[in-house]
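One structure is given here, and the rest of the page talks about it.
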Amino acid sequence: AREYDIVILCDEVYRLLEHDPTETRLPAMCTLYEKGISCVTLSKPWGACGVTIGWLACPSLEMKEKLTDVQYFGTACPSRASEIQAIMILRASNTILEKNMSIIQYNKKLLQDFMEEYQDLFEWTPPTAAAICFIKFKGPLSSEEFGNLLQSRGISCKPAYCFTDTVIPEIDYFRVGFGEAKFAKALEALKVVVEEYQDEWRNAGNANLDKES
């Protein structure tokens with residue numbers, strides 16, 4: 001980047017939500033590179049989506065002035081209520097982050113147990129930060145079909161078509177969020193569906209294996 005004088009804008013909205021900060025937390029881009037910009041928002045680590053306050057951090061005064069000029073009309077008069085709420089949140093930052101991380105760690109363990117119990121039907125790469133993961137259903141349904149089934153039972157997930165225009169089997173994953181206290185209830189509802197259909201799905205998988213052999 002230095003060789004070609006490139007500015008790096010780094011989306012760091014999930015920073016501070018690392019499951020093991022000593023192993024996976026990276027330095028902020030604005031501390032690594034003189035033309036690095038770190039983008040942060042209160043919506044993710046602190047769970048303050050409605051506050052709509054965030055910030056950019058960079059070491060270059062020239063870059064700060066350019067950003068101020070470009071974004072002036074969008075940031076000159078932010079909501080005063082949002083500003084006050086943001087101050088309150090940051091003053092209680094450690095308490096809020098500790099609470100949110102305890103929820104995430106607890107829910108991740110529940111999800112890991114689920115994935116281990118039904119490993120012949122689902123696969124994933126366990127996340128190391130934040131509260132989002134992508135899971136592949138190994139049964140006879142696409143992620144869209146699986147999502148429709150879950151939706152009929154009041155369970156929400158994001159199928160692959162939400163993230164790409166072209167869905168192929170290799171990337172046909174669905175997204176799961178596990179950052180809320182009510183996640184355990186949603187996971188139990190998912191388990192009810194899996195228990196209901198698991199024999200049918202496994203039989204379909206065995207039938208496909210027989211055809212291939």
Side-chain angles (χ1 to χ4, degrees), residues 11-26 41 43-47 49 97-213:
D11 183 345
E12 299 178 14
V13 298
Y14 286 106
R15 197 166 186 272
L16 305 182
L17 290 180
E18 299 86 354
H19 301 169
D20 184 355
T22 60
E23 293 292 331
T24 58
R25 179 168 297 166
L26 300 175
T41 173
S43 63
K44 295 301 188 292
W46 295 274
C49 301
L97 290 174
E98 183 178 345
K99 175 187 175 183
N100 290 345
M101 282 308 305
S102 67
I103 292 173
I104 289 173
Q105 296 285 18
Y106 177 76
N107 289 342
K108 181 182 178 182
K109 179 61 170 60
L110 294 179
L111 191 53
Q112 287 174 319
D113 292 342
F114 171 87
M115 294 298 295
E116 183 175 346
E117 183 175 357
Y118 300 105
Q119 58 185 288
D120 61 322
L121 293 174
F122 301 93
E123 66 180 40
W124 70 334
T125 298
T128 60
I132 291 175
C133 65
F134 287 85
I135 296 175
K136 185 175 181 61
F137 178 56
K138 298 159 69 174
L141 304 179
S142 67
S143 66
E144 181 175 1
E145 293 168 332
F146 186 71
N148 289 337
L149 172 61
L150 296 187
Q151 184 180 32
S152 70
R153 304 297 181 89
I155 306 168
S156 175
C157 72
K158 293 290 190 298
Y161 74 82
C162 295
F163 310 102
T164 179
D165 293 330
T166 304
V167 178
I168 57 177
E170 290 77 10
I171 61 170
D172 196 15
Y173 288 69
F174 61 93
R175 194 185 79 170
V176 171
F178 55 95
E180 298 187 38
K182 62 184 179 182
F183 175 75
K185 183 177 179 180
L187 188 61
E188 281 300 317
L190 173 58
K191 290 182 70 172
V192 169
V193 176
V194 174
E195 288 293 322
E196 179 179 342
Y197 286 94
Q198 61 178 331
D199 291 339
E200 177 183 332
W201 292 337
R202 290 185 175 113
N203 290 336
N206 292 333
N208 289 334
L209 289 175
D210 291 339
K211 289 180 182 179
E212 293 175 0
S213 59

Handout entry: Gln119 side chain vs Glu116 backbone, donor-acceptor pair below 3.5 Å
Key = yes
Problem - Donor-acceptor contact present, side-chain Arg15 to main-chain Leu26, <3.5 Å - result: yes
Problem - Test side chain to side chain contact (heavy atoms under 4.5 Å, CB included) applied to Gln198 and Leu121, step by step - result: CA-CA 8 Å; Gln198 61 178 331; Leu121 293 174; 4.1 Å; yes
State, with a plain yes or no, whether a side-chain heavy atom of [X] is found less than 4.5 Å away from one of [Y].
X      : Y      : answer
Glu117 : Lys191 : yes
Val176 : Phe134 : no
Val13  : Ser43  : no
Tyr161 : Ser142 : no

Exercise: do [X] and [Y] side chains pair donor with acceptor under 3.5 Å:
X      : Y      : answer
Thr164 : Thr166 : no
Asp172 : Ser143 : yes
Tyr118 : Glu195 : yes

Exercise for the section: Before giving the answer on side chain to side chain contact (heavy atoms under 4.5 Å, CB included), spell out for Phe174 and Phe163 the whole-Å C-alpha distance, their side-chain angles and the decisive distance to 0.1 Å. Expected result: CA-CA 9 Å; Phe174 61 93; Phe163 310 102; over 6 Å; no
Handout entry: Validation row, ring centre Phe183 to ring centre Tyr106 under 6.0 Å
Key = no
Exercise for the section: Could you tell me whether Tyr173 and Phe122 have their ring centroids closer than 6.0 angstrom? Expected result: no
Identify the heavy atoms of [X] and [Y] that sit nearest to each other, and give their distance.
X      : Y      : result
Leu16  : Pro45  : CB-CB, 4.4 Å
Phe178 : Leu111 : CD2-CD2, 4.0 Å
Ala130 : His19  : O-NE2, 2.7 Å

Problem - Residues Trp124, Gln112; criterion side chain to side chain contact (heavy atoms under 4.5 Å, CB included); working and verdict - result: CA-CA 10 Å; Trp124 70 334; Gln112 287 174 319; 3.7 Å; yes
Practice task
Flag yes if more than 12 heavy atoms outside Glu196 fall under 6.0 Å of its CD atom; otherwise flag no.
Solution key: yes
